[in-house]
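Only heavy atoms go into these numbers, but all of them, side chains included; no hydrogens, no water, no symmetry mates. Computed from a predicted model, the values in this text were never measured in an experiment. Order of appearance sets the numbers: ligands from 1, and atoms from 1 within every ligand.
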Amino acid sequence: MPPRVLISDSLSPAAAQIFRLRGIEVDCEPTLGKDSDKLAAAIGDYDGLAIRSATKVTADLLQRASRLKVVGRAGVGVDNVDVPAATARGVIVMNTPFGNSVTAAEHAIALMFALAREIPAADASTQAGKWEKNRFMGVEITGKTLGVVGCGNIGSNVAERGIGLKMRVIAFDPYLTEERARTLGVEKVELDDLLARADFITLHTPLTAHTKNILSAENIAKTKKGARIVNCARGGLVDEEALRKALDDGHIAGAAFDVFAKEPATENPLFGHPHVVCTPHLGASTSEAQEKVALQIAEQMSDYLTRGAIANAVNFPSITAEEAPRLKPFIELAEKLGLFAGQVARAGVEKLSVVYEGAVTLEKTRAMTAAAISGLLRPILEDINAVAAPVVAKERGVAVEEITREAQGDYESLITLNALTAQGEIRVSGTVFHDGKPRIIRIGDIGVDAEFSPSMIYLTNEDRPGFIGRFAGALGDAEVNIATFALGRDRPGGQAVALVAIDGDLPARALSKIERLPGVKQAVTLKFS
Ligand SMILES: NC(=O)C1=CN([C@@H]2O[C@H](COP(=O)(O)OP(=O)(O)OC[C@H]3O[C@@H](n4cnc5c(N)ncnc54)[C@H](O)[C@@H]3O)[C@@H](O)[C@H]2O)C=CC1
Ligand SMILES: O=C(O)C(=O)COP(=O)(O)O
């Protein structure tokens, strides 16, 4: 069955075209995102959901999304998506971080000019037939100080344009390096300095716990008298009530807002002030940007749904389409080693170390570790996948460490899992041969060589003559056919292990018979499907 994607916001038709070209079924319901009940009723049929800012992807919606694998945001901000809830359900959340940066920056500049020359009010007055030439007295932008709060993709585009307009640009962004600031030609400053010096303040940070109300009443009070504020980033960055007060007092000369604490904004404390300019979240609304973000998100979602490639995910490391086929057998290996450890463990795993040796260290080890954790937890949490696994492990108190080192043995690449439980340690190593098939090559200190089969028996026993005959006899009595048999031991007459692939399931009574065979220490049935 081909994957199915729902587009629940108004995206360029380019997105649906790409999905269809890539063999994905797509339904376009551009207004569905605004109706949470209808969306919840429909979401269960889809593997992918493509959205903009109108669709709210809540924990409740995700609970109804039994097939959902990916949410694709055609744009930047994912604050309308409950990312932790998506992660916990194993759903990838991806965005298009650059597609609308220039367009959003141009809107910020447009709003700055609209404020400086009161263009919206002058337009309304002129078209009302008033010709109020003496009412409108603007300010020049040239030579003024532009304070950019958040100098990322959009902020730096705004900074470059500000410099082009012959403004002095200062920026507050704790993550902006001095070198990047120099390259951009901006002066990196602290927030208080920016507030005190800027004639125009423009906000370009995401909305986070740190940036919420970054322009609080207290910080608005620190601004230079007569400053003008542009918010084209996110509502919630500014205390709107406090700003209204500062506008009413005349301390702030003007404010231009594209985004609001509550959207759609049909009412807002800023509305109605003569020096306020508002647009309805139009920052990304140009045909160029919409075409770009729609194409990008459809490509990214298709790559994930059809090839397992991950780009621009906010909750998983990226895996390029070129890396995906190379990584796939190692992800499978890591997951199966995890499944082995999870099924053999007789008590909860407290700590998991994943050791990578050799060529595999050059690949995305975080993705493989996530797969190993999902395998480890699958015997107790059936639905888990690699996206959710690291968070779930953390919640369950399983400490995870990742170690990479040079190849130390005969294998070009080796992955070893050490799972520590109250009952001892399970150590298992595996590799992928040139046939692309993952296999187990060591359990504890004992070498074996076994491919993974859907149904297996793992035995540890004393290495004694006649044991294998008795074991095979027990399987024969239960009419269980042996497909492959891999043996290993530490020394003659010492400890032995066997990994036996069987056709079908081992009946419980046959397992208990095997457990009672002389010399058997542990017998476990394993599933690797
Ligand atoms: N109005 C609209 O339609 C649009 C709005 N946006 C919004 O614009 C904002 C910026 O987007 P991008 O530039 O693409 O994001 P970005 O991630 O490239 O840049 C954000 C910058 O904010 C900085 N930052 C983070 N925490 C900070 C803090 N506490 N103080 C100061 N700086 C901080 C980061 O270091 C980063 O440089 C986002 O909120 C995004 O959702 C984006 C596109 C269109
Ligand atoms: O990309 C963003 O962060 C935006 O805010 C754009 O929002 P929109 O896609 O126009 O609803």
Side-chain angles (χ1 to χ4, degrees), residues 7-12 15 30-31 33-34 50-57 72-81 83 93-111 147-161 170-177 180-181 184 186 188-195 201-216 219 230-238 256-261 263-265 278-294 296-297 312 314:
I7 299 179
S8 64
D9 266 332
S10 158
L11 259 71
S12 153
T31 56
K34 297 192 184 92
I51 59 166
R52 283 175 62 191
S53 60
T55 303
K56 310 286 175 239
V57 183
R73 197 313 189 198
V76 177
V78 289
D79 42 337
N80 49 326
V81 180
V83 179
V93 180
M94 43 176 62
N95 68 352
T96 57
F98 311 105
N100 60 25
S101 310
V102 165
T103 275
E106 286 184 0
H107 197 58
I109 299 286
L111 289 176
V148 177
V149 179
C151 203
N153 294 325
I154 299 170
S156 48
N157 270 303
V158 170
E160 283 171 346
R161 281 154 182 75
I170 59 179
F172 167 66
D173 185 332
Y175 309 99
L176 177 71
T177 62
R180 172 82 180 136
L184 282 171
V186 307
K188 182 171 152 71
V189 296
E190 290 306 318
L191 182 59
D192 280 359
D193 196 12
L194 181 146
L195 298 174
I201 297 171
T202 184
L203 301 171
H204 300 287
T205 70
L207 181 64
T208 66
H210 290 114
T211 60
K212 190 168 168 30
N213 271 338
I214 194 162
L215 290 192
S216 58
N219 281 344
V230 175
N231 185 7
C232 202
R234 276 296 174 268
L237 295 178
V238 182
F257 272 49
D258 182 50
V259 286
F260 303 88
E263 291 183 15
C278 294
T279 49
H281 202 142
L282 294 182
S285 295
T286 62
S287 42
E288 291 87 348
Q290 283 314 308
E291 173 111 359
K292 253 189 254 173
V293 296
Q296 274 175 21
I297 206 63
N312 299 323
V314 299

Which pairs of nitrogen or oxygen atoms, taken one from ligand 2 and one from the protein, are under 3.5 angstrom apart?
unit_1, atom_1, unit_2, atom_2, d
ligand 2, 1 (O), Val76, N, 2.6
ligand 2, 1 (O), Asn100, ND2, 3.0
ligand 2, 3 (O), Gly77, N, 2.7
ligand 2, 3 (O), Arg234, NH2, 2.8
ligand 2, 5 (O), Arg234, NH1, 2.9
ligand 2, 5 (O), Arg234, NH2, 3.0
ligand 2, 5 (O), His281, NE2, 2.6
ligand 2, 7 (O), Arg73, NH2, 3.2
ligand 2, 7 (O), His281, NE2, 3.3
ligand 2, 9 (O), Arg52, NE, 2.8
ligand 2, 9 (O), Arg73, NH1, 2.8
ligand 2, 10 (O), Arg52, NH2, 2.8
ligand 2, 11 (O), Ser53, N, 3.2
ligand 2, 11 (O), Ser53, OG, 2.4

Going by heavy atoms in the side chains, are Leu11 and Gln290 under 4.5 Å from each other? no

Could you tell me whether the side chains of Asp258 and Thr279 share a donor-acceptor contact shorter than 3.5 Å? yes

Indicate the atoms forming the closest heavy-atom contact of [X] with [Y], along with that distance.
X      : Y      : value
Asn95  : Gly75  : CB-O, 3.3 Å
Ala181 : Lys188 : CB-CB, 4.2 Å
Asn157 : Ala105 : CB-CB, 3.4 Å
Ser101 : Asn153 : OG-CB, 3.5 Å

Is atom NZ of Lys212 surrounded by more than 12 heavy atoms (other residues, nucleotides or ligands) closer than 6.0 Å? no

Criterion side-chain hydrogen bond (donor to acceptor under 3.5 Å, both in side chains) against Asp9, the qualifying member of Thr31, Thr55, Asn80: Thr55

Sub-3.5 Å pairs, protein N or O with ligand 1 N or O:
unit_1, atom_1, unit_2, atom_2, d
ligand 1, 1 (N), Cys232, O, 2.9
ligand 1, 1 (N), Asp258, OD2, 2.9
ligand 1, 3 (O), His281, NE2, 3.3
ligand 1, 3 (O), Gly283, N, 3.3
ligand 1, 3 (O), Ala284, N, 3.2
ligand 1, 13 (O), Asn153, N, 3.4
ligand 1, 13 (O), Ile154, N, 2.8
ligand 1, 18 (O), Asn153, N, 2.9
ligand 1, 18 (O), Asn153, ND2, 3.1
ligand 1, 35 (O), Asp173, OD1, 2.8
ligand 1, 35 (O), Asp173, OD2, 3.2
ligand 1, 37 (O), Gly152, N, 3.2
ligand 1, 37 (O), Asp173, OD2, 2.6
ligand 1, 39 (O), Thr205, O, 3.1
ligand 1, 41 (O), Gly77, N, 3.4
ligand 1, 41 (O), Arg234, NH2, 3.2

Tell me whether Thr211 contacts the main-chain N or O of Pro206 through its side chain, where contact means a donor paired with an acceptor under 3.5 Å. yes

